[in-house]
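Any value given below was found using the heavy atoms of this structure, including those in side chains, with hydrogens, waters and symmetry copies removed. Quick caveat: nothing in here was measured; it's all calculated off a predicted structure. Starting from 1, each residue takes its place in the sequence as its number.
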Amino acid sequence: MVTEENDGAAARGPQEQYFSSLAQGRFLIQRCASCGAHQFFPRVLCMHCGATELEWTSPAGTGTVYSYSVVRRKPEAGGDYNVALIDLEEGVRLMSRVDDIALDRLRIGLPVRARVRRDDGQVAMLVFTPAEDA
């Protein structure tokens, strides 16, 4: 488990801490020390009980596609891509993309695995890929 004390990030806000961990290749979410619930997007108060004792933890990184949409673009603008809502094992839902899959093969319920993607000159971002057993 990663905490603010051992991360040296106590003075930074939760969003900055989250993006800093992504830049280091780590995907972290918050867990409330008071009620035990996980949450995402990072915040200063637990969205479940209002406590301020939030710890950073590494999730399992696996989940399923809850819903998705295909964004249509001209090929010269980068082509089509998906935007998906992903339910993580820890009970949080987040918005991301599912990479390494043809758009016609993407489906609700698809098992996925998180990874941090860093393209040249781009900010690190969290994406998902189909789980090996999918």
Taking distance alone, no hydrogens or angles, what donor-acceptor pairs closer than 3.5 Å link side-chain atoms of residues 43-51 to residues at least two apart or in another chain?
unit_1: Arg43; atom_1: NE; unit_2: Phe41; atom_2: O; d: 3.0
unit_1: Arg43; atom_1: NH2; unit_2: Phe41; atom_2: O; d: 3.1
unit_1: His48; atom_1: NE2; unit_2: His38; atom_2: O; d: 3.3

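- Note: the hydrophobic cluster containing Ile108 does not contain Val83 (ILVMFWY, side chain heavy atoms under 4.5 Å, direct or indirect links).
- Of the possible polar contacts, none joining the Asn82 side chain to the Val70 backbone as a donor-acceptor pair under 3.5 Å is found.
- Across all their heavy atoms, Pro42 and Gln15 have their closest contact at O-NE2, 2.9 Å.
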Evaluate the side-chain contact (heavy atoms from CB on, under 4.5 Å) criterion for residues Met125 and Arg97: first the C-alpha distance (whole Å), next the side-chain angles of each, then the deciding distance (0.1 Å), finally the verdict. CA-CA 10 Å; Met125 65 185 284; Arg97 293 170 67 160; 4.0 Å; yes

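- If you take CG on Asp87 and CZ on Arg93, they are separated by 4.0 Å, rounding to the nearest 0.5 Å.
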side-chain contact (heavy atoms from CB on, under 4.5 Å) for Ile86 and Val65? Distances and angles first, verdict last. CA-CA 5 Å; Ile86 307 294; Val65 174; 3.9 Å; yes

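- Checked by atom type and distance alone, the side chain of Gln39 never pairs as donor or acceptor with a backbone atom of Val92 at under 3.5 Å.
- Among residue pairs with one or both ends in residues 59-68, those qualifying as side-chain hydrogen bond (donor to acceptor under 3.5 Å, both in side chains) are Thr62-Glu89; sequence neighbours excluded.
- Heavy atoms only, all atoms of each residue included: Glu90 and Ala60 are closest at OE2-N, 2.7 Å.
- Residues Gln30 and Trp56 bring no donor and acceptor atom of their side chains to less than 3.5 Å of each other.
- Atom CE of Met95 sits in a sparse spot, with 12 or fewer heavy atoms from other residues, nucleotides or ligands closer than 6.0 Å.
- The minimum heavy-atom distance between Pro130 and Val98, with the atom names listed, is CD-CG1, 4.2 Å.
- Scanning all heavy atoms of the two residues, the minimum distance from Phe40 to Ile29 falls at CD1-CG2, 3.8 Å.
- Both Phe19 and Leu126 are part of a single hydrophobic cluster, where members link through side-chain heavy atoms under 4.5 Å apart.
- In terms of the side chain to side chain donor-acceptor pair (under 3.5 Å) criterion, Asp100 has no residue partners (sequence neighbours excluded).
- Phe27 approaches Ala114 most closely through the heavy-atom pair CD2-CB, 4.0 Å.
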When you look at Phe128 and Arg113, which way does the side-chain contact (heavy atoms from CB on, under 4.5 Å) test go after all the steps? CA-CA 5 Å; Phe128 288 81; Arg113 181 169 312 284; 5.8 Å; no

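- One hydrophobic cluster, built from ILVMFWY side chains closer than 4.5 Å, cannot hold both Leu110 and Val127; they sit in different ones.
- Identified under the salt bridge (Lys or Arg N to Asp or Glu O under 4.0 Å) test for residues 59-70, with sequence neighbours left out: none.
- Under the side chain to side chain donor-acceptor pair (under 3.5 Å) criterion, Arg72 pairs with Asp80, sequence neighbours left out.
- Legend: residues meeting salt bridge (charged side-chain N to carboxylate O under 4.0 Å, His left out) with Asp99, ordered by chain and number and at least two apart, are Arg115, Arg117.
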Determine, step by step, whether Leu28 and Thr57 satisfy the side-chain contact (heavy atoms from CB on, under 4.5 Å) criterion, reporting the C-alpha distance in whole Å, the side-chain angles of both residues, the deciding distance to 0.1 Å, and the verdict. CA-CA 5 Å; Leu28 301 175; Thr57 185; over 6 Å; no

